[in-house]
Asker: 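My questions will all concern the structure given below.
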Amino acid sequence: MIGRLPRELPPTAGLPLQASDFLPGSGLLGQRLAAQLRTPPLQLECSGTSALLIALRTLQQLQPQRPVVVVPAYTCPLVAIAVHSLGLQLRLCDLRRDHFDLDPQALAVACDESTLAIIPTHLGGRVADVEQACTIAHRVGAYVIEDAAQALGALDHGQSVGLRGDIGFFSLAAGKGLSIFEGGLLLAREPRLRAALQRNADHHVHRQPGWELRRWMELLGLALCYRPQLLPLVYGRPLRRGLQRNQPEEAVGDVFPLSIPQHRVSRWRGHVGYRAAARLPDFLQRGRERARQLKARLQQIPGIRVLDDAVGQQGVWPVLILQLASQARRDAALQALWGAGVGASRMFIHALPDYAYLQTIVADAPIPNARDFAARTLTLGNSAWLDERAFQIIHHALTAAATD
Ligand SMILES: *Cc1c(COP(=O)(O)O)cnc(C)c1O
């Protein structure tokens, strides 16, 4: 058993907020990010899931006779909840073996004339093969929504993710890079689709001062507590309690309410993000450099594979996703590391059908690769606070788990 650090590292690398981010006045978050990422205008919403709801509703209006949405069998439970909450049918697509992306053969089988949209997902900052999803989608007349919730700043052949498909969305939730505690951004290449997304939001999303006040307090809490000295209190303690009770889904925050709040983001909260976003390009670049070094060292451990970019992709690195040779070895590594305060965790605990609380909305399906991916992967937060001492703890545990 490894002794716990007096400090706690976060499970994902978020951009720390500063007191000066809360000064009044400034500019528009969506505009600053669009300029940085060289995208068309970005539409600010109250969460990534809310952005996805707006995207799906907009497409539903364009193709009301198509009820099916195809999603990766291993993804954020909020995606399944969003699809279900609009009365659409969820269809799971298995992953490629040893990969986070949609399996092309399974995807071709899953898509037909009833398919409204396919949701390829840029998991953990890695870039998905959207081209492949588009080819299959367009064959049957379906749309493609890129889930780039975890990939703000990622580039595919020099262009921001989210622009190859019909619609894309980013998340600004706590723990996903740049955060205003909860927020999301919609993007679309086509001006007409962008206008339709904005109209849909204007119609469906209203001011809700109660929600906004709550998010303000939570954002202040995040700004105060997102540091290694305070993370044991707000992150580490609930995590260890969940693990002790053998409730890993609660421990990593995979259990969500089945209804999604939608409300407008106040200008003030956008301003906080605007100021913080000035530091984003530098933050992402440092993250890439850290990840490159971490990856090189971890890959020298026999039996450890780190998911990486393919040629032409330049992802972002909130986490490193590691795959081990078996579930037993993955579990042994986590046994040593999960509660140790070094930022080790799991992406999502299960493939979607294996969450008990989702059983009424997700049907079981033959998805062996997604289950295998859930069973053999773990994540390491690529935090700037990950020092040599924490790295040695990680290295030691992974070596023992992978090679014993
Ligand atoms: C977090 C996440 C979402 C939802 O974004 P929120 O901003 O938390 O609503 C959707 N998809 C993936 C893959 C995510 O990780």
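Just so you know, ligand 1 is whichever comes first in the structure, and atom 1 is the first atom listed for that ligand. Note that this is a predicted model, so its numbers are computed, not measured.
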Asker: Less than 4.0 Å between a side-chain N and a carboxylate O, is that true for Arg371 and Asp364?
Answerer: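 Result for this pair is yes, salt bridge flagged.
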Asker: Is the closest basic N to carboxylate O distance between Asp101 and Arg126 below 4.0 Å?
Answerer: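 Here Asp101 does not pair with Arg126 in a salt bridge, since their nearest N and O are not under 4.0 Å apart.
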Asker: Is it true that atom CZ of Arg96 has more than 12 heavy atoms of other residues, nucleotides or ligands lying nearer than 6.0 Å?
Answerer: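 No, CZ of Arg96 has 12 or fewer neighbouring heavy atoms, counting only those of other groups under 6.0 Å.
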Asker: Determine which pairs satisfy salt bridge (Lys or Arg N to Asp or Glu O under 4.0 Å) with at least one residue from residues 216-235, sequence neighbours left out, and list them in order.
Answerer: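 For residues 216-235: Arg214-Glu218, Arg215-Glu218.
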Asker: If you look at each N/O of ligand 1, which protein N/O atoms lie under 3.5 Å away, and at what distance?
Answerer:
unit_1: ligand 1; atom_1: 7 (O); unit_2: Gly48; atom_2: N; d: 2.7
unit_1: ligand 1; atom_1: 7 (O); unit_2: Ser171; atom_2: OG; d: 2.6
unit_1: ligand 1; atom_1: 9 (O); unit_2: Gly48; atom_2: N; d: 3.3
unit_1: ligand 1; atom_1: 9 (O); unit_2: Thr49; atom_2: N; d: 2.9
unit_1: ligand 1; atom_1: 9 (O); unit_2: Thr49; atom_2: OG1; d: 2.5
unit_1: ligand 1; atom_1: 11 (N); unit_2: Asp147; atom_2: OD1; d: 3.3
unit_1: ligand 1; atom_1: 11 (N); unit_2: Asp147; atom_2: OD2; d: 2.6
unit_1: ligand 1; atom_1: 15 (O); unit_2: Gln150; atom_2: NE2; d: 2.7
unit_1: ligand 1; atom_1: 15 (O); unit_2: Lys176; atom_2: NZ; d: 2.7

Asker: Looking at Phe348 versus Tyr74, is the centre-to-centre ring distance below 6.0 Å?
Answerer: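 Judged by ring-centre distance (under 6.0 Å), Phe348 and Tyr74 do meet the cut-off.
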Asker: Distance to the ring centre below 6.0 angstrom and angle to the axis at most 45 degrees; does that hold for Arg297 and Phe391?
Answerer: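 Yes, Arg297 sits over the ring of Phe391.
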